[in-house]
Undergrad: 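The following block contains the structure, expressed as structure tokens.
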Amino acid sequence: MESLQSRLLKIILKSIGLKRKWNRTGDDLRHYLEQKQRKASHKPTKELYTTYSITESEYHGFPYYELKPRSDSKRKHIIFLHGGGYVEEITSLHWEFVGKLLQHTHYSVTVPIYPLAPKYNYKHSFGMLDAIYSEIRSKYKPRDIILIGDSAGGGMILAFAELLKERNLPQPGKLILLSPGLDMSFSNPDIPQIEKIDPLLATPAIKEAARWYSDGLDPKHYLISPLYGDFEGLGKISVFTGTHDICNPDARKFKKMAEEKGIELGFYEYPGMPHVWTLFGLPESKKAMNQIIRVMDE
């Protein structure tokens, strides 16, 4: 049964109109994002700096952070890719989630602050991720590397794993996808019905952001929409999805496709949950975090 806190959160989200920004298009959307990106900070929170050892590095001018427990960390490493429709910067909710991962696992974590659309595109993001993954692979066994991402970040890590397979490079041990964007064409016929009850997302702005990010590439190319890629022989995949999220129909489609191919898939569907509920402080979020930690520790 859905928690009271979740029901109240959805009422609040609808009342403050967070969904409205995803109905913007054209110059209105572009100007809104340019202003928001200029004001956004990508720095970890003060609490994280106080609690953990944090190192900042750069890839072609774009920062990435490595966070470690001050005591000895375990021999696994997490790469966390934040969501935001390819156009929004990492938020305090993301950093709080990273803090929980550190607290519960004692693994080290790398967080890329990847280039954002509309100025940059998938080639810049994957170039950065490729360089970081190669660096981490020089220090850790591939099976001890975990990729985890929410929303657009979830889709990006699956696409990246498919790219690694195409290049015959070692796979990470695990891929954990949180409310992932798997098909940026949003052509699934079940989406319009879900869009009516999704309190956070709407397709107009996300489709436009995906066009910027794809830079002319077919929106159904696997690097943009990993649902259309080859996901056999990747690291172990786990998907967390809520039924009040426009990304849920494609998560279900992904599950069906995996089953038809005989691919082992951890699938965690939460009735009534909105997009990226795993980042919130709901009872369902805490339950999902416990499941995520178990998946990582397996």
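Everything quoted here is computed from the prediction, not taken from an experiment.
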Undergrad: Check whether Gln171 reaches the backbone of Ala161 with its side chain - one donor and one acceptor, N or O, closer than 3.5 Å.
TA: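 Judged by distance alone, yes, a pair lies under 3.5 Å.
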
Undergrad: Does a side-chain heavy-atom distance below 4.5 Å link Ile79 with Ile148?
TA: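 Answer no - side chains too far apart.
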
Undergrad: Taking the side chain as C-beta and beyond, is there a heavy-atom pair between Asn188 and Asp183 under 4.5 Å?
TA: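 Side chain of Asn188 against side chain of Asp183, heavy atoms only: no contact under 4.5 Å found.
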
Undergrad: Could you tell me whether His82 and Phe97 have their ring centroids closer than 6.0 angstrom?
TA: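 That pair fails the under 6.0 Å test.
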
Undergrad: To the nearest 0.5 Å, tell me how far His106 NE2 sits from Tyr52 OH.
TA: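 Going from NE2 on His106 over to OH on Tyr52, the span is 7.5 Å.
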
Undergrad: Would you say the side chain of Phe231 lies within less than 4.5 Å of the side chain of Phe254, judging by non-hydrogen atoms?
TA: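 A side-chain contact under 4.5 Å exists here.
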
Undergrad: Can you name the residues that form a ring-ring contact (aromatic ring centres under 6.0 Å, His included) with Tyr268, not counting sequence neighbours?
TA: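 Result, ring-ring contact (aromatic ring centres under 6.0 Å, His included) vs Tyr268: Phe240.
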
Undergrad: Using atom types as modelled and distance alone, determine if a side-chain donor or acceptor of Lys10 lies under 3.5 Å from a backbone N or O of Gly272.
TA: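 Side chain of Lys10 to backbone of Gly272: a pair is present.
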
Undergrad: Supply the atom-to-atom distance Thr105 OG1 to Ile293 CD1, rounded to the nearest 0.5 angstrom.
TA: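 Separation between the atoms: 5.5 Å.
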
Undergrad: Sequence neighbours left out, what passes side chain to side chain contact (heavy atoms under 4.5 Å, CB included) with Arg137? Give chain and number order.
TA: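 With neighbours one apart ignored, the set is Tyr133, Ser134, Pro142, Ile145, Leu169, Pro170.
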
Undergrad: Taking the side chain as every heavy atom from C-beta outward, state whether Met273 and His244 have any atom pair closer than 4.5 Å.
TA: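 No, every pair of side-chain atoms sits at 4.5 Å or beyond.
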
Undergrad: Taking only residues two or more places apart in sequence or in another chain, which ones pass salt bridge (Lys or Arg N to Asp or Glu O under 4.0 Å) with Glu58?
TA: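 So Glu58 forms no salt bridge (Lys or Arg N to Asp or Glu O under 4.0 Å) with any residue.
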
Undergrad: Taking side chain to side chain contact (heavy atoms under 4.5 Å, CB included) as the definition, give me every residue that meets it alongside Lys43, ordered by chain and number, with sequence neighbours left out.
TA: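 If we apply the side chain to side chain contact (heavy atoms under 4.5 Å, CB included) test to Lys43, skipping adjacent residues, the hits are Ser41, Tyr49, Glu56, Tyr65.
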
Undergrad: Regarding Glu96 and Lys100, does a basic nitrogen lie under 4.0 Å from an acidic carboxylate oxygen?
TA: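 A salt bridge is absent here (no side-chain N lies under 4.0 Å from a carboxylate O).
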
Undergrad: Check Tyr86, Phe62, Phe126, Tyr213 against Tyr120 for a ring pair (Phe, Tyr, Trp, His ring centres under 6.0 Å) and give me the one that passes.
TA: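 Only one option passes, and that is Phe62.
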
Undergrad: Can you list every salt bridge (Lys or Arg N to Asp or Glu O under 4.0 Å) pair that touches residues 271-297, not counting sequence neighbours?
TA: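 Sorted pair list comes back empty.
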
Undergrad: Measuring from Ile12:CD1 to Ile16:CD1, what's the distance to the nearest 0.5 Å?
TA: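 Taking CD1 in Ile12 and CD1 in Ile16, the distance rounds to 7.5 Å.
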
Undergrad: What residue pairs, at least two apart or across chains, pass side-chain hydrogen bond (donor to acceptor under 3.5 Å, both in side chains) with a residue in residues 143-170?
TA: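 Listed once each, the pairs are His94-Asp150, Asp130-Arg167, Ser151-His275, Lys165-Asp230, Glu166-Tyr222.
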
